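Everything below concerns the one structure shown next.
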Amino acid sequence: TFTANLLVQLYGRCGCPEIARQTFDGIRARNSFSWNILMAANAQNGHLENAKSVFDKMPERDVVTWTAMMASFAERGDLFRPKQLFDSMPERNVVSWNVLVGAYAQQDQLESSKGAFFRMPCHSIVSWNSMLTAYAQGQKIDRASEFFESMPQRDAISWNIAISTLAQTGDLLKAKKLLDFMPAVGIVCWTAMVVVNGQLCQLEQAKTIFYSMPDRDDLAGTAMVTAFAQNGDVDSAKAVFDAMPEHSVYAWNALLAAYALNSRSGCAMDIFATTRRTW
RNA sequence: CUACUGGACGAC
């Protein structure tokens, strides 16, 4: 069962919910993990109705079941059903509350997010980060900064949220100041900085950040390709692309968009013609 | 072994 569960999960992650289902059907001694994983495999591949029917059919539901179902609806922008599930679940844990905070935030109900956050019996670092994100999404930048300052703990994600929030509002100066205080700036944060600098026509800054980053991954490379493209430098975009060790669909899309944006439709068409469909 | 928060392209 243990191993079979892993297999179900694997198929779910690979975008094969049908095979996940078949594997699940072959498990003799299913446990709550098996059911929860099957449900997630459907939800994560967009088959929300299938996920719901698994939810309805399962013999036992635990707090993970209820919370995962809430999260799946919330991800689709539904607020009503997550609320309903939250109210009817037999028990809630900190994750359930976190999902609720996020569900409100996603529907721009900042006050409700706050209400839930301050009503929850205990907070995890994810709770704090979710609330910080809620302020950011509600465009309450000053509030977000205050909240960030008041947090009892901060992890790399908290810093990334705070810095990106400032940067995305165009306040690169404040963002940089905060960046100087961040204990260990990682690839996620650097990439976010490349993106905003590119968007704000700060190509030199974007370049400097990109080339001084301690390491670069595919996401960072894709971001830099786009930053060059947005600022009219297709050749440099191509150079960054060529320097990337691997080319994902995302990277190809970025290069294609780079050509399209800079009126090099011939090159764009070439890429379109030579890449293969991934679906 | 399962559920919640942060970075890239495109589409909407």
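In what follows, chains carry the letters A, B, and so on, assigned in the order in which the sequence lines appear, proteins first and then strands, with residues in each chain numbered from 1. None of these values were measured; they are calculated from a predicted model.
- With sequence neighbours left out, A:S248 forms a side-chain hydrogen bond (donor to acceptor under 3.5 Å, both in side chains) with A:D218.
- Relative ring orientation between A:F147 and A:Y135 is described as tilted, the plane-to-plane angle lying within the 30° to 60° band.
- The side chain of A:Y250 has B:A8 as its nearest neighbour among B:G6, B:C4, B:A8.
- One atom, CD of A:Q106, and another, C1' of B:C4, lie 12 Å apart when rounded to the nearest Å.
- When the C1' atom of B:U2 is taken as reference, atom CZ of A:R21 falls 16 Å away, rounded to whole Å.
- When rounded to the nearest whole Å, the span between CD of A:Q9 and C1' of B:C1 equals 7 Å.
- Out of B:C9, B:G7, B:U5, the shortest distance to the side chain of A:A254 is found at B:C9.
- Considering CG of A:N36 and CE of A:M39, their distance stands at 6.0 Å, rounded to 0.5 Å.
- Checking B:C9, B:A3, B:C1 against the side-chain heavy atoms of A:T222 singles out B:C9 as nearest.
- Here B:G6 presents its P atom at 8 Å from CD of A:Q137, a figure rounded to the nearest Å.
- Within 4.0 Å of A:V195, counting heavy atoms only, lie sugar-phosphate atoms of the nucleic acid but no base atom.
- When rounded to the nearest whole Å, the span between CH2 of A:W159 and P of B:G6 equals 19 Å.
- For A:F86 and A:W66, the ring centers sit 6.0 Å or farther from each other.
- Taking CG of A:N98 as the start and OG1 of A:T67 as the end, the distance is 9.5 Å to the nearest 0.5 Å.
- Rounded to whole Å, the distance from CG on A:N98 to P on B:C4 is 11 Å.
- Taking atom CH2 on A:W252 and atom P on B:C9, their separation rounds to 18 Å, with Å as the unit.
- At a threshold of 4.0 angstrom between heavy atoms, the contacts of A:D155 with the nucleic acid are absent.
- The aromatic ring of A:F33 sits over the base of B:C1, with ring centres less than 5.5 Å apart and planes inclined by under 30°.
- Within 4.0 Å (heavy atoms only), A:L132 reaches no atom of the nucleic acid at all.
- Base engagement by A:D217 is indicated by at least one non-hydrogen atom pair under 4.0 Å involving a base atom.
- The base of B:G10 lies outside donor-acceptor range of the side chain of A:N253, with no N or O pair under 3.5 Å.
- Rounded to whole Å, atom C1' of B:A8 lies 11 Å from atom CD1 of A:I187.
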